[in-house]
Amino acid sequence: AELVVGFSQIGSESGWRAAETTLTKQQAEQRGIDLKFADAQQKQENQLKAIRSFIAQGVNAILLAPVVATGWDEVLQEAKDAEIPVILLDRTVDAPKELYLTAVTSDLVHEGSVAGKWLAETVADKPCNVVELQGTTGSSPAIDRKKGFEQALSGHDNLKIIRSQTGDFTRTKGKEVMESFLKAEDGGKNICALYAHNDDMAVGAIQAIKEAGLKPGKDILVVSIDAVPDIFQAMAAGEANATVELTPNMAGPAFDVLATYLKDGKEPPKWIQTESKLYTQADDPMKVYEEKKGLGY
Amino acid sequence: MKQRYLPLTATILIFILSYALCVAQYPNMLSTRVIGNLLTDNAFLGIAAVGMTFVILSGGIDLSIGAVIAFTGVFLAVVLEHGGMHPLTAFALVLTITTLFGALMGAIIHYLEMPAFIVTLAGMFLARGMAFVLSIDSIPIKHPFYATLKGLYYKLPGGGRITLIGGLMLLVFAVGILIAHRTRFGTNVYALGGGAPTAKLMGVPVAGTTIRIYAFSGLLAGLSGIVFSLYTSAGYSLAAVGVELDAITAVVIGGTLLTGGSGFVAGTLVGIFIQGLIQTYITFDGTLSSWWTKILIGLLLFAFILLQKGIIHLSRPDRQHA
Amino acid sequence: MQTSSDNILSAVRIEKGFPGTKALDKADFHLRRGEVHALLGENGAGKSTLIKCLTGAYRRDGGSILLDGAEVDPRDTFEAQRLGIGTVYQEVNLLPNLSVAENLFLGRQPRRFGMIDTRTMNRMARELLAEYELELDVTRALANYSVAIQQVVAIARAVDLSGKVLILDEPTASLDAHEVAMLFRIVRRLKARGLGIIFITHFLEQVYDISDRITVLRNGQLVGTRETTDLSRRDLIAMMIGRELADEIHAPHAATTEGELRYRFRNYGRRGRIQPFDLDVRAGEVIGIAGLLGSGRTETAEVLFGAHRADSGTAQIDGHSVELSSPRAAIRQKFGFCPEDRKTAGIVGDLSVRENIVLALQASRGWTRPISRAEQNRLADQYIRALDIRTADREKPIKLLSGGNQQKAILARWLATEPEFLILDEPTRGIDVGAHAEIIRLIETLREKGMSLIVISSEIEELVAYSTRVIVLRDRAHVAELDGDRITAHKIVEAIAAANERGAA
Amino acid sequence: MTSIGRTYLMRLLPQLIALATVLIGISIVFPGFLNLEIQNDRLYGSLIDILNRGAPVVLLAIGMTVVIATKGIDLSVGAVMAICGAVSASLITSGHSLAETLLITLSVGVFCGIWNGILVAVLDIQPIIATLVLMVAGRGIAQLITEGAILTFNDPGLIFIGSGSFAGLPMPVVTWLIFGIIVALLVRQTALGMLIEAIGVNRQASTLSGVFTPVLLIAAYVLSGLCAAIAGVIAAADIRGADANNAGLWLELDAILAVVVGGTSLLGGRFSIAASVLGAIIIQSINTGILLSGFPPEFNLIIKAAIIVFILVLQSPRFRSAFTFVNIPRAAGKPTEREAK
Ligand SMILES: Nc1ncnc2c1ncn2[C@@H]1O[C@H](COP(=O)(O)OP(=O)(O)OP(=O)(O)O)[C@@H](O)[C@H]1O
Ligand SMILES: Nc1ncnc2c1ncn2[C@@H]1O[C@H](COP(=O)(O)OP(=O)(O)OP(=O)(O)O)[C@@H](O)[C@H]1O
Ligand SMILES: [Mg+2]
Ligand SMILES: [Mg+2]
């Protein structure tokens, strides 16, 4: 019989997430899997509801992109009781490992530290004031990407985070907050680098920097995370310096391990880490842009 | 058929009808699992919506409940995990806090004559802000007592369960119905909704009633927060965003007028079920993209309202003699 | 400042000011045990304000209140109720969304085990209303019943609440003779029990019928208190308005010269509201409509005005067919309509007197042709003067005016549109004697100018005074028409009573 | 005329005081705040940022004021912003001219308004629920257009609307100034304002007086839709892309808050466009002030709540009558100063 897989997606709050959804659907189609998609609109309670109704429907497996790390024990236990394997996508959860089959994610802290390392190396010994655009307050990428970045910077006393405010992962807020950073730091003369928790905020901030009469990428270094297509355009124009890739194709590996597991019951490793690849202006950004453009970002 | 029960009856009819339609398409939807889930998954929303019903019946609105739920969860997580308090003590403490918070909003609304919409909007900012300040991380609650509480459920044949929180929601509704229709406080709530100046002239203690209404809503939001923390075993400051809108929608679908003074607590329960049904249906379908999900929810909402209007319209005779 | 020992309620030097108005200026008022005390005065004299100060609905600025000789200070109406003061406020103040029984027992519902005992409450409500010869489904929302019934319910509630004092602020405004008689029976019974009763009305017959003493207020000040038997009608009016009033009620007219036939309604009606009727109206005619409560008078007016669309019949004006499908359509044909329920259908409370007066004119002109501010001021001032609307100035929100003055402002709204066909539903309700006479005179003047009017009134004397024809309604149907010499109070009452059963009951 | 001017000033006084207080407060925390300089031919500084960033909420508040005056509320404005941003982006990227794009986008906003208006005025659905339908479905529609991604564009004309400048002011500021003045003149120089207020206070009485209630109600929602459309275009043009997921998210609450801070009663009736615009600017000042202050973001909401409560308490009728140092005409129709003399 055809494989039925339920996919509980967080929602559609960013281009990256839309790309993840598109890719998951594509991957399922390629493998002839009947994907049941449920959009939770950023609410954990909706994800819990979705998983419960997947169980009630009797799907063969569940993909879960958890909106938050905590609070999954019970529903995962229910899935386990119903003998439905659960694979976590893109973020992990705070639950006993035996409750899910595996997690296909990147390491958020690692992403932050890749960005931080790049900045530290690029700046070398020069003193550098960094401003930080955080993600949505309280969200795990915001917390972990901040943590990783700070870890990478520790030991480099010439690098200092002088301002850090939330830009809610959006372009609009990224631009608005950057404007106020520029005003607050002497028209931007005080700022040497910008670290944004995602590319969208960076793109907004780049516009703010340009409108303030400064050159992003030169007067202010810009490093961000996600590697969505638009940042490559900015890199090609010399306005952004580096980005750390978070691949939206988490479903491919997930379906692969699922297939082997269902076929011969082989348990995969508990964590399949995706690569956090660093892209800089030297990596032919336009080419990457063309590759990524069609992926539904 | 009493005319005042018309909206309620209409809503119940619509629910039964649409459930039947869903089952016709997905026979699995009749399972006890789905019914049990409908109770468990909507428990926190239902409990908060009872409070919201009282607020709306009195002609007010409470936008703070989602934030209060989040605050409650974070507060519990912090005191349980870092403070080492017993959950029952923590429950009592947090319910006191949220009740007082509600009472404070009620007092401001009454004494400063400020619109509830704005006072509770500020309350929403404040409660969520407090949650952020307590912790921006999501904190798992690992207290064994939680496990005990979650272990309490009644297993239905067919794999469904009536959980503690699902049962609690039904209990809260029962109590809410009693309070609304069988106590003086309940009648006073309706009286306020019928017109505060008139109610005042008729001797309704407006100040006390207003404060109590919002305190009650705060209490139930706190209870809902406890239920939510049981439901997710965690406290998270970004939890339950927009729950107030879901609750308002449930109340209104349940046949309560937003202008106040007319409606039923029981209707809200049906409203909750209808919303839950829409969501279950959409997951069972499973082919909708994120955007079509939203569009369909909107359209179904619209259809329910139209249907309700239609039923009420058709069955209402032109104002007749007594 | 003697307070004789048999005073049950005394108000001494009560003061109350509103921005721009001194509503009460050191007013005294003493109510004896076992008396009916009429509180009289022009519209805006401060009667309702005094009542509200007594019951704690308003905080007074000064003065003291003594109940049974002891100083009391009710902070809110709830406390006043506990002290044994039952009140019917002007404008029915009940809750339309609650059931009749809940309205009657709000705040004192019978309880069993802490829960309201609905069954007992409903039974008590039925028993209570039975005293007023009302048989209602007490579990239905009050909104389902007419203003008159609501008023009876309000009275029943207040009477039931009043251990010591009963205050009735224009309770009879919407009642017909039958209900008034019933109310008076009850009032006399309470009086015999030793209650003090304050009675506010603009119907002087009722004052002389029921009251023992009269207190008159003018401009917030006490004019005086007299024994009713010592005070002639003429003197009373002089006390109230501060001058002599010309002949109060006119002699009935001789049949006036017939104007041309302008409005012709055939088989006009709406199912469930008013049975189809025929009606011809000439220029310069005042058609009075008489009938019992619920006989369909208001419905007739609403159907004529298009507020409820007629579902049968035709309308012609000057021989041309017209469609009166909505108030707008009717207004385009130069119709005007003063509704009966001024609070919900008449005034636009937060807007100023000026805006309320120009509203209909502006609406008929369309929004693109605003009436200039100067013109608005002129119109407002003109009608404030012409109708003697008592207001601090024309920018005062109309909801702050006394009831009678609101009524006059609504009338002004329609006069400003210079209508040719004016429907007045109870235009004199709640209006003081002076203004009453003015409005009757106004109706005369308008008629003489060639306007066609339809006037609904429960006051038969009044109908006789100005009608050139009277239509009598019963059970939502037009049952009789009187004209010329046949318009007498006696004949109208006879026509109404020709039905063996009452109205809608 | 001067007396009307004075009444007008008195009406705006509480908002002006609140704004001044907030601005002074910020400049104490952040001294450079009031600096203004000319850069690239346009004024540059935090004050300008406030006017500029406030543009969407100002525009939404203008429409919301009129809707609220009719005793309604429009929760859909945020979603309509997203739809219109998405529409304009997808039109311009598919090669339509700027004029066509704007025309169609604004028509879409108008259409959304008509939809809301019909639900409220004709189907008689409670405004909050009627507009909730579009609030939920609308964002879905916007995402449908952009397929969940940010639809970027490079059309200089459209970008100019978001970040160009005219007469030394950023285009968004110019836009809302002009639009606000047009609307204010439209409602006050014609009879619209009074008729709308009449409907808001007593719909039944207004209908009986011949006011064309359904049409005016629909018109109010159309205005709101139009405002949201303009705000949507500005928001998209500002970031050179339509972000259907986040554009206008929760802005309806800010707009309502702006209207209330502006002193218009949520129960309908008396309204003032200028006061609502001031309200929106006050809210944006708070937001900008928080950003400039350098507090950690966890405190954003608490600070905002505290300041708003403070302002509202200052404006509350009770507080004002307790301290009758200024006897200001209330939106709800408290007696005016003139009567008191
Ligand atoms: N809340 C208020 N604010 C301002 N002025 C008021 C208020 N209530 C009453 N007034 C004014 O006080 C005066 C007395 O009003 P009141 O209602 O007591 O008159 P009344 O004698 O009851 O008249 P009526 O016979 O018309 O009912 C009027 O001039 C009225 O405009
Ligand atoms: N005695 C009654 N019992 C029950 N309902 C009544 C009674 N009288 C009136 N009603 C209700 O009140 C409504 C008002 O009736 P209507 O407006 O036709 O009365 P009316 O003749 O204009 O008398 P009035 O205006 O003096 O009340 C009617 O639709 C009817 O349903
Ligand atoms: Mg009065
Ligand atoms: Mg009538």
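In terms of heavy-atom pairs under 4.5 Å with chain A, the best-connected choice from B:S233, B:A147, B:S289 is B:S289. Chain B forms more heavy-atom pairs under 4.5 Å with one residue of A:K25, A:Q44, A:E45 than with any other, namely A:E45. Comparing A:D39, A:T70, A:D73 by how many heavy-atom pairs each has under 4.5 Å with chain B, the most go to A:T70. With chain A as partner, the option from B:S138, B:S135, B:G158 having the largest number of non-hydrogen pairs under 4.5 angstrom is B:S138. Of all the listed residues (B:D137, B:I141, B:T287), the one sharing the greatest number of non-hydrogen pairs under 4.5 Å with chain A is B:D137.
A donor-acceptor contact closer than 3.5 angstrom links the side chains of B:T283 and A:S53.
Around the NZ atom of A:K97, the shell of radius 6.0 Å holds no more than 12 heavy atoms that belong to other residues, nucleotides or ligands. For OH of B:Y154, the number of neighbouring non-hydrogen atoms (other residues, nucleotides, ligands) closer than 6.0 Å is 12 at most. Residue A:E29 places its CD atom among 12 or fewer non-hydrogen atoms of other residues, nucleotides or ligands, all under 6.0 Å distant. Atom CD of A:Q30 sits in a crowded spot, with more than 12 heavy atoms from other residues, nucleotides or ligands closer than 6.0 Å.
When all heavy atoms are compared, the tightest approach of A:G11 to B:S290 is O-OG, 4.1 Å. A pairwise comparison of heavy atoms in A:T137 and B:F132 identifies O-CE2, 3.5 Å as the closest pair. In plain terms, the two heavy atoms of B:Y236 and A:G138 that are nearest each other are OH-O, 2.9 Å.
For a residue to count as touching a neighbouring chain, one of its non-hydrogen atoms must lie under 4.5 Å from one of that chain's; by this rule B:S229 does not touch chain A. Contacts between B:Y231 and chain A at a heavy-atom distance below 4.5 Å involve backbone atoms as well as side-chain atoms. Looking at A:Q41, only its side chain comes within 4.5 Å of chain B, counting heavy atoms on both sides. Using a 4.5 Å cut-off between heavy atoms, B:N28 touches chain A through its side chain atoms alone. Looking at A:Q57, both its backbone and its side chain come within 4.5 Å of chain B, counting heavy atoms on both sides. Within the 4.5 angstrom heavy-atom criterion, only backbone atoms of B:I139 (N, CA, C, O) approach chain A. Only the backbone of B:L230 comes within contact range of chain A, with at least one heavy atom under 4.5 Å from a heavy atom of that chain. For A:F54, the part lying under 4.5 angstrom from a heavy atom of chain B is the side chain only. In this structure, the portions of A:K49 lying under 4.5 Å from any heavy atom of chain B include both its backbone and its side chain. In this structure, the portion of A:D81 lying under 4.5 Å from any heavy atom of chain B is its side chain and not its backbone.
With A:K43 as the fixed residue, the side-chain contact (heavy atoms from CB on, under 4.5 Å) test singles out one of B:V243, B:D246, B:L238, B:V241: B:D246.
In this structure, the side chain of A:K36 engages the main chain of B:F284 through a donor-acceptor pair within 3.5 Å.
Atom OG1 of B:T40 and atom CD of A:E74 lie 8.0 Å apart (nearest 0.5 Å). Note that CD of B:Q279 and CG of A:N46 are 4.5 Å apart. Values are rounded to the nearest 0.5 Å.
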